[in-house]
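Here the structure comes first, spelled out in structure tokens, and everything after it is commentary.
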Amino acid sequence: MDYSMTKRIFVTRQISPKAVTMLKKRCNVIMWESEDQPVPRNELLKRIVGCDGLYCLLTDNIDVEVIDAAGPNLKIISTMSAGFDHIDIVTCKQRNITVGFTPDVLTATAELTVALLLMVSRRTVEGVNIVKSGGWGSWKPIWMCGSSLSDSTVGIVGLGRIGLAVARRLKPFGVKRFLYNNQNPKSEADIICAEFVSFDKLLRESDFVVICCPLTPDTKEMFSRHAFEKMKSSAILINTSRGGIIQHDDLYQALKTGQIKAAGLDVTTPEPLPSDHQLLSLTNCVVLPHIGSATEDSRDLMAVLAAENLLAGLEDLPMPHEVNIGVE
Ligand code: DGY
């Protein structure tokens, strides 16, 4: 008998058929597939009981209640996401639960970050809306002017894999300087000749501020009123990481009063952002529905990577991508 077939796992959503096949070959799979919506909390708490592994998404709040409900068999949690702020990592560490994630899927998110930056800096959404509403008059010399990347200073908050991938894609636009802020300098920064600076210096000197860091207790709401006060009034803020890094009421005030020029958000708090949210009333704020990694290739790859992590973990093999919970 294949030992791993005795392992029971819960998959919280319909995922790519390739990943499902991989899992079903080796495990007893319970899957929430009745609708393409997050599994309701009560169903999650019921279905996880006795499971050895959990395959989850960033929309699932995997807290101590879920881990308790699973019981002592739960040894592996694998999330189909680069971010893992939805998982109680401290409890996982205390209970020797190994956590896997999908950090290497960066092309799609980096592309979307560049796209969003250009959409905002060149005011494309405003432009499209003006065309649709009949506001397009004759060509005017000073109308719908945006900001150029050429000769600009771009500040990357969190120069990890995605931050670096974003910077490499922005470089050919003629960016003059890259600044970055991390806990420590990164040798990879040399690839794009980026300068390690304090958060305050980055805020003061950047024309574009791009948030690429994970959401942690340290980065939660690091963009609040105090940060906006330090930014240039011409600055553009882009966030494709996690909504919780920005204090959204403060961002609204900063955009409304012209303290900063514009913002592009692919992530918000909450998600989904209610359609009557104050940020959506602003022409200088573009909000996308968390589609950073949403290309077919990327989502397939993430689904397979998360399955590989889960299967390796269940067989006591090193996971291809394990969250280093020792440092949390
Ligand atoms: C992730 O993988 O964490 C991304 O936010 C998904 O787009």
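Counting starts at 1 for both ligands and their atoms, in listed order.
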Task: Residues T79 and S81: side-chain donor-acceptor under 3.5 angstrom - done: yes

TODO: With sequence neighbours excluded, tell me which residues meet side chain to side chain donor-acceptor pair (under 3.5 Å) with S147.
DONE: K261

- [ ] Tell me which one of H86, H290, M302, M80 gets a heavy atom nearest to atom 4 (C) of ligand 1.
- [x] H290

- [ ] Check whether any side-chain heavy atom of V66 lies under 4.5 Å from a side-chain heavy atom of L44, and answer yes or no.
- [x] yes

Task: Protein contact to atom 6 (C) of ligand 1 [nearest heavy atom, distance to 0.1 Å] - done: S293 OG, 3.3 Å

Open item on the list: So for ligand 1, is S241 a polar contact partner (N or O within less than 3.5 Å, distance only)?
Closed with: no

TODO: List the closest protein heavy-atom neighbour of atom 2 (O) of ligand 1: residue, atom name, distance to the nearest 0.1 Å.
DONE: A82 N, 2.6 Å

Open item on the list: Is it true that S148 and R122 share a donor-acceptor pair across their side chains at a distance under 3.5 Å?
Closed with: no

TODO: Heavy-atom contacts with R242 under 4.0 Å: which atoms of ligand 1 show up? List them by number with element.
DONE: 1 (C), 3 (O), 4 (C), 5 (O)

TODO: Would you check if there is a donor-acceptor pair between the side chains of S298 and S293 at a distance under 3.5 Å?
DONE: no

- [ ] Would you tell me whether R299 and S16 have side-chain atoms, one donor and one acceptor, within less than 3.5 Å of each other?
- [x] no

Open item on the list: Looking only at distances, can you tell me whether any N or O atom of T102, backbone or side chain, sits closer than 3.5 Å to an N or O atom of ligand 1?
Closed with: no

Open item on the list: Any nitrogen or oxygen of S81, side chain or backbone, less than 3.5 Å from one on ligand 1?
Closed with: no

TODO: Please determine if G83 has a nitrogen or oxygen closer than 3.5 Å to a nitrogen or oxygen of ligand 1.
DONE: yes

